[in-house]
2 protein chains.
Amino acid sequence: MENVRELIQIMTRRFGFLDRNCCSVGDTDLSLVQSHILYEIDRQHQPSMQQIAQTLGIDITTFSKQIQSLVKMKLVKKTPSPDDRRVSILSLTTEGTFIATMIDQEMNQYLEEVFGYMSVEEREMVLRSIKLLNANMAKSKKCCNPIGE
Amino acid sequence: MENVRELIQIMTRRFGFLDRNCCSVGDTDLSLVQSHILYEIDRQHQPSMQQIAQTLGIDITTFSKQIQSLVKMKLVKKTPSPDDRRVSILSLTTEGTFIATMIDQEMNQYLEEVFGYMSVEEREMVLRSIKLLNANMAKSKKCCNPIGE
DNA sequence: ATTAAATACTTGAATTTTTCAACTAAATTC
DNA sequence: GAATTTAGTTGAAAAATTCAAGTATTTAAT
């Protein structure tokens with residue numbers, strides 16, 4: 001097998017650069033981690049702290065502090081769960097949703113550019129490949145599942 | 001276009017987890033960044049500080065300090081360039097090479113597992129796709145090129 | 001019903017990492 | 001040969017991470 005690791009390293013690094021560059025909206029500057037937190041809160045349904053921390057593989061104490069700053073920045077809201085009062089349900093404020101949307105737009109714009117260089121068939125192939133990769137990485141017990149970190 | 005960002009986010013996150021889990025060899029614990037630095041020094045030919053810092057998109061002052069700790073850990077060596085005495089050429093020590101090799105092995109082992117779940121055709125498709133992605137991301141001026149950070 | 005154990009999260013103090021502004025030293029340019 | 005640029009360093013401040021210990025609530029065990 002040719003140098004797969006190298007190919008993947010380059011790819012993930014590039015996406016990493018993209019991610020980092022997409023974290024400033026207006027006068028709000030987010031760290032990479034913070035933008036990922038917003039993204040996940042937006043995506044998941046009434047997530048608890050644990051859930052988001054786990055999907056992102058962030059230690060819960062670090063996460064707790066990150067959420068505190070996001071709350072202070074008025075991007076995230078914490079609501080005690082009625083089912084279990086230990087649990088905090090996370091949600092985005094209006095401003096948080098706005099920021100998340102802006103970031104998402106910028107990311108998509110970039111992705112559209114990149115995919116725009118490809119033919120329709122290539123595009124389909126690439127998407128199929130990514131799905132395949134994701135599915136097969138999920139099979140591995142070794143690591144990489146957000147669960148079992 | 002379906003949710004490309006989501007697919008990619010999941011993929012890069014998984015590789016990120018992998019990366020993080022692969023940084024301990026024996027009693028040497030490396031941070032993710034440090035393992036990437038070793039990887040790049042190993043890969044490039046007589047690289048300078050600037051070169052590695054730039055490919056990884058790390059600020060040169062942060063990088064300078066990271067290299068200092070790697071030198072202290074005896075994994076990296078700094079040699080003043082004969083051509084330009086401002087420049088430091090980076091190289092791995094024997095132990096550094098060993099660590100880098102071990103990490104590489106573990107990464108490859110994991111990748112082999114993941115690719116092992118695929119058919120030969122799928123594997124080829126995935127690799128072709130990653131190359132295609134890399135090539136097309138390189139075309140974009142917007143970001144993601146290590147240069148222009 | 002009461003106690004023990006587990007879970008969800010927080011806090012404070014120590015460490016590490018990152019960042020910024022200012023610096024040295026060598027090389028280039030004018 | 002003075003001014004500028006480039007490569008890298010340093011110190012002090014800010015941000016992020018980690019660890020050990022804490023609270024509060026829920027679940028399980030007796």
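Letters A, B, ... are given to chains in the order of the sequence lines, protein chains preceding strands, and every chain is numbered from 1.
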>> Using OP1 and OP2 only, check whether a side-chain N or O of A/Q68 sits under 4.0 Å from C/dT11.
In response: yes
>> Need one value for A/S69: base, sugar-phosphate or nothing, where a base atom within 4.0 Å counts as base even if backbone is also close, heavy atoms only.
In response: nothing
>> Below the 4.0 Å mark, does C/dA8 have OP1 or OP2 next to a side-chain nitrogen or oxygen of A/K78?
In response: no
> Quick one: which of C/dA8, C/dT19, D/dT9 gets closest to the side chain of B/T62?
Replying inline: C/dT19
> Counting distance only, does the side-chain N/O of A/T55 pair as donor-acceptor with the main-chain N or O of A/I52 below 3.5 Å?
Replying inline: yes
>> From C-beta outward on A/S64, which listed nucleotide comes closest to its side chain: C/dT17, C/dT10, D/dG8?
In response: C/dT10
>> Please determine whether any donor N or O and acceptor N or O are separated by less than 3.5 Å between the side chain of A/T61 and the base of C/dC9.
In response: no
>> Between the base of C/dT16 and the side chain of B/K65, is one N or O donor paired with an acceptor at under 3.5 angstrom?
In response: no
> Starting at the 5' end of DNA chain D, which residue's closest nucleotide do you reach first, A/P82 or B/Q50?
Replying inline: B/Q50
> What is the distance, rounded to the nearest whole Å, between atom CG of B/D59 and atom P of D/dT9?
Replying inline: 12 Å
>> Which nucleotide wins on minimum distance to the side chain of B/Q66, given the candidates D/dT9, D/dT17, C/dT17?
In response: C/dT17
>> Quick one: does any side-chain atom of A/S35 pair with a main-chain N or O of A/L30 as donor and acceptor, under 3.5 Å?
In response: no
> With a 3.5 Å cut-off and just heavy-atom distances, do the side chain of B/R86 and the base of D/dT6 make a donor-acceptor pair?
Replying inline: yes
> Tell me: CD1 of A/I37 to C1' of D/dA16, nearest whole Å?
Replying inline: 11 Å
